[in-house]
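All remarks here apply to the structure that follows.
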There are 2 protein chains.
Amino acid sequence: MADSKLLPSPGGDPVAVETLLQDVFGIVVDEAIRKGTSASEKVCDWKEPEELKQLLDLELQSQGESQEQILERCRAVIRYSVKTGHPRFFNQLFSGLDPHSLAGRIITESLNTSPYTYEIAPVFVLMEEEVLKKLRALVGWSSGDGVFCPGGSISNMYAINLARYQRYPDCKQRGLRALPPLALFTSKECHYSINKGAAFLGLGTDSVRVVKADERGKMIPEDLERQISLAEAEGAVPFLVSATSGTTVLGAFDPLDAIADVCQRHGLWLHVDAAWGGSVLLSQTHRHLLDGIQRADSVAWNPHKLLAAGLQCSALLLQDTSNLLKRCHGFQASYLFPQDKFYDVALDTGDKVVQCGRRVDCLKLWLMWKAQGGQGLEQRIDQAFALARYLVEEIKKREGFELVMEVAPVLKERMVKEGSMMIGYQPHGSHGNFFRMVVANPTLTCADIDFLLNELERLGQDL
Amino acid sequence: MADSKLLPSPGGDPVAVETLLQDVFGIVVDEAIRKGTSASEKVCDWKEPEELKQLLDLELQSQGESQEQILERCRAVIRYSVKTGHPRFFNQLFSGLDPHSLAGRIITESLNTSPYTYEIAPVFVLMEEEVLKKLRALVGWSSGDGVFCPGGSISNMYAINLARYQRYPDCKQRGLRALPPLALFTSKECHYSINKGAAFLGLGTDSVRVVKADERGKMIPEDLERQISLAEAEGAVPFLVSATSGTTVLGAFDPLDAIADVCQRHGLWLHVDAAWGGSVLLSQTHRHLLDGIQRADSVAWNPHKLLAAGLQCSALLLQDTSNLLKRCHGFQASYLFPQDKFYDVALDTGDKVVQCGRRVDCLKLWLMWKAQGGQGLEQRIDQAFALARYLVEEIKKREGFELVMEVAPVLKERMVKEGSMMIGYQPHGSHGNFFRMVVANPTLTCADIDFLLNELERLGQDL
């Protein structure tokens, strides 16, 4: 009896299930991994939306399809998708394909559990604790708290919510109407999630006070002081400063020590959005960019960006040891967190978050770290800085590169349709559209940078 | 040059990478899939936390480890994890292991992209649109909007945020202080995310007005009327009712038509939290339980629960066609959503959400649906109802089953430590602790239900 339903199998046949998964895995290795990371293949086989819809035959029907049809669908999905592990994919703050992380992700999917209780995720509850401890140690904290969030935006929102709860615990029950008007501070180079978060949390975007940044994109601490005074003069209560370590467009690192001084003077919660730059803490050579981060109250750090841990791997780290996360977010649902369990219920992490079910995001980072070691990861960071430096030097040697700015949208269209590479562009301040080069893929070499520059020249030679 | 860096490989050797992934995949098939779904294996090899820490050797070191060590770690992670695909795992509202969904998840991980722009996720932007359209059609809507969220809790929060934004668009900029006190309504059987959401969104849990439920756990519409009047008399502005289709503990379905009548009379946003029960819409036989859902403004539906699509697969569906999602959540970041793109930027979904990067959650459901067809999925739902009915009948035949209630924590400890099965328990109202049986795994048979009852008798025979 038991044998006949080993698996939820098509036709009740476990052998067919294993064959299906073996076949799909073979397709993944061939198409997504081997071809998908090969410089001689396209980054993406670009199709216009209407054509792609036809090619994919997306409609869901009443009748199921054969195994052969399903395998053909798997091939098509991969064929027309962007290969973010491709050496010429520079378009996002994530790229590259780490095999150990991918292995961890496949195991995660096969186990399909949620780390909200020790009971149903014993390995991952303990592992998450260990990984967070390691990340906190790199920040400079020997104790604290934390949790993995579905992305850096949610991590930033958590920080804002925790800061206001710490100051006004009443808020949880009585809401913002019971509070004075609040003000939070961040530079004009901050990630847009600070504004999205202020709106979502009911504070409103008006509560976000914009601090000036210098020409490199770093927050100006003197202007932070000015903005705090201004807010207070207008009757608002400052409660949080969100500094950025690695801004989205310019990659700037805010001067954390000077900002921490201001926060200390005014008794403000210091949050550091290090979603992009946090991984630099692994590098002895470059971690000085984040000097002062140990003075923060909270840090958002996304190893899925510079460490290529896979979407999503976003840690929110806290210096707090007073159980603030659970006090702020907890609601003690009796069906999930009865207190009469046979193990220490402090291990149940579900009340740290505003989610209920939550994905396991620690294994992929843990397994990659075990395989590479801290040293291996450090080398990746140092290599990324070296390649960025190489890029700057090479650009200086070439004529015309500053002048191509206004043609970025045209070059972008050409590169995507050819599938030769992908880079993001955007305007910034008084500058028109320019390409933002992201060097995050751990397999990149100088040859890839040379390719990039040659390709930009080739694509724009008639402009 | 290109060949030597095909992959971010240990030792720069792409063959080693493929070997690693093949080996890991073999371990997954053996341990997580074959053994993990076999009734003759344990649901979990239970260890106390301190012992498990020792066994796993979690600490992250500076030195990397050999391939053999990494593979041994993969085996240990699976060995000590709970097998949620096991036929005796009844502990959560998700269970079972669908092979096509797992195939979709492995492809998703190998492609590692975010569906915020068409440019970097052409296949998944179109696929998400198609899957959401299908789910909306089952709700009864021929048009509308929607998005996949990281869990039903976030979907519920979105609904609350959208409802208040629709009524008070000013809220986004000026915050809740610019608004009158708001009130939302839900039954005492609602999921705790409604309260967590009210706190997170700055409304405060006081804004959640609790409506009585009958003895079966269904919201009483007459009491909803009473609570609305009461809130208004206290000077609060009612704006949303959250009904539940499939409550967490009792599995009750609120009477949606009667609740929709109340909402219509008072001009309130009707949200239906159908995270658990939404999948019943696939069954012609049982979908009447959700009659009236087509009158909702928003619906939260988690195919990762009753359809076993894999964590997480949580759709928020909207009847709205006025671009409310983007207007409410959007912030038009110029680096991600420049308007001078070479394709229709309406395809970029990133501004529908408060996240930035977001996981691809549609492929696993789409591929499973393509393989099973709507008919196959409908059979699963009907089978779950049939098994629940069988369970009730069998319990009636056995003596002593009503009386074991107060021993639930003891039986739970025994079953987990033996690894024979897993069921959740909780108190409810005047009832003490009782077991909540969840019949979600699509491979379950009557024999599994018999096992469950026999096992409960065996575990409790000395009590």
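Below, chain A is the first sequence line, B the second, and so on; all start at residue 1. Note that the coordinates shown come from a computational prediction; the quantities given were computed from them, not determined experimentally.
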Heavy-atom pairs under 4.5 Å with chain B: which of [options] has the most?
options                       : result
A:K83, A:R164, A:H304, A:E129 : A:R164
A:A103, A:C171, A:G151, A:A32 : A:A103
A:M157, A:K417, A:E48, A:Q69  : A:M157

[X], part contacting chain A, at a heavy-atom distance under 4.5 Å:
X      : result
B:L347 : side chain
B:R436 : side chain
B:Y343 : side chain
B:K134 : side chain
B:Y425 : both
B:Q22  : both

Less than 4.5 Å apart, any side-chain heavy atom of [X] and any of [Y]?
X      : Y      : result
B:F124 : A:S81  : yes
B:Q355 : A:P150 : yes
B:R34  : A:P14  : no

Check each atom of [X] against the heavy atoms of chain B and say whether the ones under 4.5 Å are side chain, backbone, both or neither.
X      : result
A:F89  : side chain
A:M422 : side chain
A:K172 : both
A:E119 : both
A:E59  : both
A:H191 : side chain
A:V354 : both
A:V353 : backbone
A:L126 : both
A:L363 : side chain
A:V24  : side chain
A:I154 : side chain

Nearest 0.5 Å please: distance from the [atom1] atom of [X] over to the [atom2] atom of [Y].
X      : Y      : atom1 : atom2 : value
B:L367 : A:R73  : CG    : CZ    : 9.0 Å
A:L311 : B:T108 : CG    : OG1   : 11.0 Å
B:R174 : A:L203 : CZ    : CG    : 14.5 Å

- Item | With B:P427 via side chain to side chain contact (heavy atoms under 4.5 Å, CB included) - residues at least two apart |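 B:P427 satisfies side chain to side chain contact (heavy atoms under 4.5 Å, CB included) with A:S334, B:N433 only.
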What option among [options] has the most heavy-atom pairs under 4.5 Å with chain A?
options                       : result
B:V77, B:V29, B:V249, B:L56   : B:V77
B:S62, B:P122, B:G374, B:C44  : B:S62
B:V28, B:N302, B:V125, B:D340 : B:D340
B:H428, B:E130, B:Q332, B:K47 : B:E130
B:A76, B:A308, B:G104, B:A199 : B:A199
B:Q92, B:R177, B:Q312         : B:R177

- Between B:F200 and A:F200, how do the two ring planes meet: parallel, tilted or perpendicular, split at 30° and 60°?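 Geometry flag for A:F200 against B:F200: perpendicular rings.
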- Should the ring pair B:Y118 and A:W46 be called parallel, tilted or perpendicular, given that the plane angle runs from 0 to 90° and is split at 30 and 60?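 Answer is perpendicular, since the angle exceeds 60°.
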- Message: Could you walk me through whether B:Q67 and A:H100 satisfy the side chain to side chain contact (heavy atoms under 4.5 Å, CB included) test, starting with their C-alpha distance in whole Å, then the side-chain angles of each, then the deciding distance to 0.1 Å, before giving a yes or no?
- Response: CA-CA 10 Å; B:Q67 208 82 320; A:H100 293 100; 3.6 Å; yes
- Item | Results of ring-ring contact (aromatic ring centres under 6.0 Å, His included) for B:F25 - residues two or more places apart only |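 Partners of B:F25 by the ring-ring contact (aromatic ring centres under 6.0 Å, His included) criterion, ordered by chain and then number, come out as A:F25.
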- Message: Can a donor-acceptor pair be found, under 3.5 Å and without considering hydrogens, that links the side chain of B:T84 to the backbone of A:N112?
- Response: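 Yes.
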